[in-house]
Amino acid sequence: MKFLAGVKKAQSENQQISDYTKKRCELIIEKQKKAEQFLNDNPRFNKGTRIEAAVGFCLDNPAVSSVLISFRTFEDINDYVVLSGNKLTSENISIINALKENCGFLYCRHACGKCEPSCPLKVPVNTIMRYNHYFTAQAREKYSIQQYSLLAGANAGSCSSCAGYCEEACPYGVHVKTLLTLAHLNLSVDKS
């Protein structure tokens, strides 16, 4: 996973990274390894069943009539078209609950917003984490960096020295402060 790209970039440029951030990164990596092991040990959580559960979850909401998908290849179309009209099943719910329990603490939910009111600097956590998701998971590095540079107001530059109010407010146990610090490293353009 590329979420540590910023740390590697900062280290190669001889930038200081706090011991706290390094330790938190190690903790996230350890949790990620456990989550990956969980997925590897349970073949029922393959990509196809995760996609099916995610689409079913969205379409189960009566207020939702379609799901917007980002395709990377033409083959991806086939993976999603077969799900059209599917309903959420008890197996989907079981998969969602198991993934939430074993992997949910690794992912900052887009549009959650529950931690943002706790930030004294009014850092737009959701927006920054969405841009970092584009950077790390969707290979949209240039777009992500451009959007981050256009943020009005506070960015995640001061998060590494913050007390971590966002982490305390996160109901999902996500290491928000650390992920914001990594996002800043990933998305910042060196201006020197």
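Just so it is clear, the model here is predicted, and its values are computed rather than measured. Throughout, residue positions are numbered sequentially from 1 according to the sequence presented.
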> If every non-hydrogen atom of Pro124 is compared with every non-hydrogen atom of Ala154, which pair is closest and at what distance?
Replying inline: CD-O, 3.2 Å

>> Tell me whether Asn42 contacts the main-chain N or O of Phe45 through its side chain, where contact means a donor paired with an acceptor under 3.5 Å.
In response: no

> More than 12 foreign heavy atoms under 6.0 Å from OH of Tyr165: is that the case here?
Replying inline: no

> In terms of side-chain geometry, is the basic nitrogen of Glu91 or Arg44 positioned less than 4.0 Å from the acidic oxygen of its partner?
Replying inline: yes

> Does Arg140 make a cation-pi contact with Phe135, if we ask for NZ or CZ under 6.0 Å from the ring centre and within 45° of the axis?
Replying inline: no

> Taking the side chain from Lys114 and the backbone from Ala169, do they hold a donor-acceptor pair closer than 3.5 Å?
Replying inline: no

>> If you count every heavy atom of other residues, nucleotides or ligands that lies below 6.0 Å from Phe71 atom CZ, does the total exceed 12?
In response: yes

>> I'd like to know whether CZ of Phe38 has more than 12 heavy-atom contacts from other residues, nucleotides or ligands below 6.0 angstrom.
In response: yes

> Is there a path from Tyr80 to Ile95 through hydrophobic residues (I, L, V, M, F, W, Y) whose side chains come within less than 4.5 Å of each other?
Replying inline: no

>> Please evaluate residues Leu180 and Asn132 with respect to the criterion side chain to side chain contact (heavy atoms under 4.5 Å, CB included), reporting the C-alpha separation (whole Å), side-chain torsions for both, the decisive distance (0.1 Å), and the verdict.
In response: CA-CA 9 Å; Leu180 283 168; Asn132 199 50; over 6 Å; no

> Would you call Cys112 and Tyr172 a side-chain contact if the rule is heavy atoms closer than 4.5 Å?
Replying inline: yes

>> Minimum heavy-atom separation for Cys115 and Val125, please, with both atom names.
In response: SG-CG1, 3.7 Å

